[in-house]
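Comments concern the structure below.
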There are 4 protein chains.
Amino acid sequence: MPKVSDEHRLARRQQIVAAARTCVAEQGFHKTTMADVIRASGLSAGAVYGYFKSKDEIVAAIADDALSSVDRLFEEILAREEPLTPLAALEAAVEHVAFVAGQAGGDVTKVGIQAWAEALHNDAIKAIASEKYRMLRGHFVEVARRAQADGTVDPDTDPEYIAQVLFGLIPGFILQRLILGDVTPQTYTAGLAALLPR
Amino acid sequence: MPKVSDEHRLARRQQIVAAARTCVAEQGFHKTTMADVIRASGLSAGAVYGYFKSKDEIVAAIADDALSSVDRLFEEILAREEPLTPLAALEAAVEHVAFVAGQAGGDVTKVGIQAWAEALHNDAIKAIASEKYRMLRGHFVEVARRAQADGTVDPDTDPEYIAQVLFGLIPGFILQRLILGDVTPQTYTAGLAALLPR
Amino acid sequence: MPKVSDEHRLARRQQIVAAARTCVAEQGFHKTTMADVIRASGLSAGAVYGYFKSKDEIVAAIADDALSSVDRLFEEILAREEPLTPLAALEAAVEHVAFVAGQAGGDVTKVGIQAWAEALHNDAIKAIASEKYRMLRGHFVEVARRAQADGTVDPDTDPEYIAQVLFGLIPGFILQRLILGDVTPQTYTAGLAALLPR
Amino acid sequence: MPKVSDEHRLARRQQIVAAARTCVAEQGFHKTTMADVIRASGLSAGAVYGYFKSKDEIVAAIADDALSSVDRLFEEILAREEPLTPLAALEAAVEHVAFVAGQAGGDVTKVGIQAWAEALHNDAIKAIASEKYRMLRGHFVEVARRAQADGTVDPDTDPEYIAQVLFGLIPGFILQRLILGDVTPQTYTAGLAALLPR
DNA sequence: CATGAATGAGTCTTCATTCAT
DNA sequence: AATGAATGAAGACTCATTCAT
């Protein structure tokens, strides 16, 4: 297949990443063997290694993909409505998380949690997570600023701190949803609404 | 002999769990080999297997230990002061987390994150995490009830939902602290204070 | 078409052998991969396999080429001067070896040593080496005969035995030159001169 | 087997090296797989890797062993007879080589040739070969010095150069013996005798 | 004819666990 | 009870060769 490259190459990488994501969402990074990924991708060992140099590179690609997918859709959501209150922002975020988690092809939030654990002793993953999360949190800084301008939120607090808290609610949502299983966008939003000033 | 044996047995188990925790905090569950644990514990392979049937059992013991340690101290903190506001509860929680993370013998919060990831495909760990977190979140239900009694928080919202949000802030704190490195109990508490009604 | 094809075919084979020789001189037969040879030759995998059926065939071609190149030039050297003494023959041989070793395109003596090792368990290579070396040693038989006619060397000894010794000095020169690095045509010739009758 | 170490450890290493030597003499360094060595040694994979960190380390051990065995016996041979002429030294050397080559457990000279090839692109092997050969050649320097004292050999030539030539005859003997198959200690010694002054 | 992506058997190595002493 | 050498089933990765385009 001499002249298929570029789009073909990208498509194959996507194919492999998709296969790997499915495996990783089911079994985690470490229980997922290259043989699993190879089987799931429908390619041969040699072919997979033609697109990725190592398992670590595939793991990094999945993590990047999983964290990016969250950020990508966030960007538009947060940019959309003009007067985006903290509560509305969190609601949108959490609904989006629940939505992508239910998509076919492996729960992205499970991959995300794997990435958290991996980031602790894998610098490549840590760099990816760090970059994506900083970006994501940046959106909440903007939300905080608007709320301060509205007078809804104390104007003297560093909006970064407020963003830490708003962004910080998301991991807790993901985790409770997967491990305790009794948290939904509705309950979480209602809980936050009760805490915030009416 | 049973008495001595029992204490001895427990002490040995603690010794092994402590050794394992150090390894796991540094390298994660999967990069930690039994040889690492055996070396760190100062025992022999045979001895370690005399106290734990398998690596999985040790992993479960570490996870239990890590999650319990958080809960144990929480219990007293939350029981202590009478009029514990949501903000004060979160502050205490987060300060405690930062404190235990700095203790010698391996950062417990790192082990905790490993446990989150592991829980997704290891039922024993999931059961432990589930139990501990349900307990932990229960304390926040009580906090929510008090705040509703005070009139600080909307009395018509299910206090469980409010607890989901308050408890849900903690994973976000742990994660940002370790991966982004710019979050402290002070910034986090300030951020939350700004959002809550003055 | 057969004529153009034939020259073309030979030129391509030479191109591949030259590329392979460079790789083999640097890394040895076994560390040299077909991918290396393909890259160095500037051809495609398919093209290379159009000219050689297998890696083994390429290896045999390199070995043949390396051993032939030594022999080819030997033939003329030994045929040139009329009264060629054993010392002069060895000197010419050793100087020629040092010269071809320094040529661009991969040290032929390194390829030669590889061929020795390979000959031990590869019958094709063994046959090539055997043939070339028998030829090469044949020249020294002639030298021995002349020296016996001169009275310089004992006439009762089988000239084949004398040739074994004269020819046998060359591998030792190649080896010491590459591994110990302190042997030159001058030192080696001087050493032999000291041993032979004045 | 808790308390067998030291002699046991050395014995096991020898056992592995012996097994590996047999394989390598038959098939060469590269065609010999770890599975071959493991099978031949009668141990398990894990056991072999308990004694050697890698295949390279085993290869180095075989090379060391093969080259040492030659040197070890040389030392005594050359030290034995008082007035050791160059011819007698070469004869002893070559007879010893033919003897060890015939020993059971893998032809050491074949391993030696493999080591020559390997030394060209493996620094560990090169270092071993370099050391052993320098030692070995050192013995011939002594032989040269004695011959110069006797007046048998030109006293103005650096004895190192003479040693290069005497030592340099050995690889040629080994090679012709294995590849051409028509050289024996007797023919080689006779050939040299014919060349040297009567 | 040429291309080079794809193949998949085979390589080295690790590591949880056992058991003879 | 304790020891730690031994086990061997996987695991990640390579590379000579083919064949659809």
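By convention in this document, chain letters (A, B, ...) are assigned in the order of the sequence lines, proteins followed by strands, and residues within each chain are numbered from 1.
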Say whether, by atom type as modelled, one donor and one acceptor occur between the side chain of [X] and the main chain of [Y] under 3.5 angstrom.
| X | Y | answer |
| --- | --- | --- |
| Q15(C) | S41(C) | yes |
| R21(C) | V108(C) | no |
| K55(D) | T32(D) | yes |

Inset, instruction - Return no unless some side-chain N or O of R9(D) is found under 4.0 Å from OP1 or OP2 of dA5(F). - result: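 False: R9(D) side-chain N/O out of range (4.0 Å or more) of dA5(F) OP1/OP2.
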Inset, instruction - Respond yes when some side-chain nitrogen or oxygen of Y49(C) is under 4.0 Å from OP1 or OP2 of dT3(E), and no when none is. - result: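 False: Y49(C) side-chain N/O out of range (4.0 Å or more) of dT3(E) OP1/OP2.
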To the nearest Å, how far apart are [X] [atom1] and [N] [atom2]?
| X | N | atom1 | atom2 | answer |
| --- | --- | --- | --- | --- |
| K55(B) | dA16(E) | NZ | P | 5 Å |
| D36(A) | dA10(F) | CG | C1' | 12 Å |
| Q27(C) | dC15(F) | CD | C1' | 14 Å |
| I58(D) | dT13(E) | CD1 | P | 8 Å |
| E7(D) | dA5(F) | CD | P | 15 Å |
| K31(D) | dA9(E) | NZ | P | 19 Å |
| H30(B) | dG11(F) | NE2 | P | 13 Å |
| I38(C) | dA2(E) | CD1 | P | 14 Å |

Legend entry - Heavy-atom pair with the smallest gap, counting every atom of D64(B) and I128(B):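 For D64(B) and I128(B), the tightest heavy-atom pair comes out as CA-CG2, 3.8 Å.
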Inset, instruction - Might you point out which heavy atoms bring Q27(A) and D36(A) nearest each other, and give the distance in Å? - result: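 Looking at all heavy atoms of both residues, the closest pair is OE1-OD2, 3.5 Å.
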Inset, instruction - Work out how much the helix from dA2(E)-dT21(F) to dT21(E)-dA2(F) bends between its end axes, five pairs an end, to the nearest 10 degrees. - result: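 Taking the rotation axis at each end, their angle is 10°.
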Legend entry - Close side-chain approach of K126(A) to L120(A), heavy-atom, < 4.5 Å: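 The answer is no, as the side chains (C-beta and beyond) never meet within the 4.5 Å cut-off.
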Legend entry - Polar contact flag, side-chain donor to acceptor under 3.5 angstrom, D107(A)-T109(A):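 Yes, side-chain donor-acceptor contact under 3.5 Å.
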Inset, instruction - Nearest-nucleotide wise, let me know which of G46(D) and A45(A) is further upstream toward the 5' end of DNA chain E. - result: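 Result of the comparison: A45(A).
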Inset, instruction - Starting from the 5' end of DNA chain E, give me the residue, G42(A) or D56(D), whose nearest nucleotide shows up first. - result: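 Its nearest nucleotide lies further toward 5', so the answer is G42(A).
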Please tell me which of the listed nucleotides, [options], lies nearest to the side chain of [X]?
| X | options | value |
| --- | --- | --- |
| T33(D) | dC13(F), dT11(E), dA16(F) | dT11(E) |
| Y51(A) | dA2(E), dG8(F), dA6(E) | dA6(E) |
| M34(A) | dA12(F), dT18(F), dT13(E) | dA12(F) |
| S44(A) | dG4(E), dA6(E), dA5(F) | dA6(E) |
| R12(D) | dA16(F), dA6(F), dA16(E) | dA6(F) |

Inset, instruction - Look at the aromatic rings of W116(C) and W116(D) and report parallel, tilted or perpendicular, splitting at 30° and 60°. - result: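 Ring orientation, 0 to 90° scale: perpendicular.
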Inset, instruction - Under 4.0 Å between any heavy atoms, over every strand shown, what does G50(A) touch: base, sugar-phosphate, or nothing? Just pick one. - result: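 No contact.
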Inset, instruction - Would you mind telling me which residue lines up with the more 5' stretch of DNA chain F, L43(B) or A47(A), judged by nearest nucleotide? - result: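 Residue closer to the 5' terminus by nearest nucleotide: L43(B).
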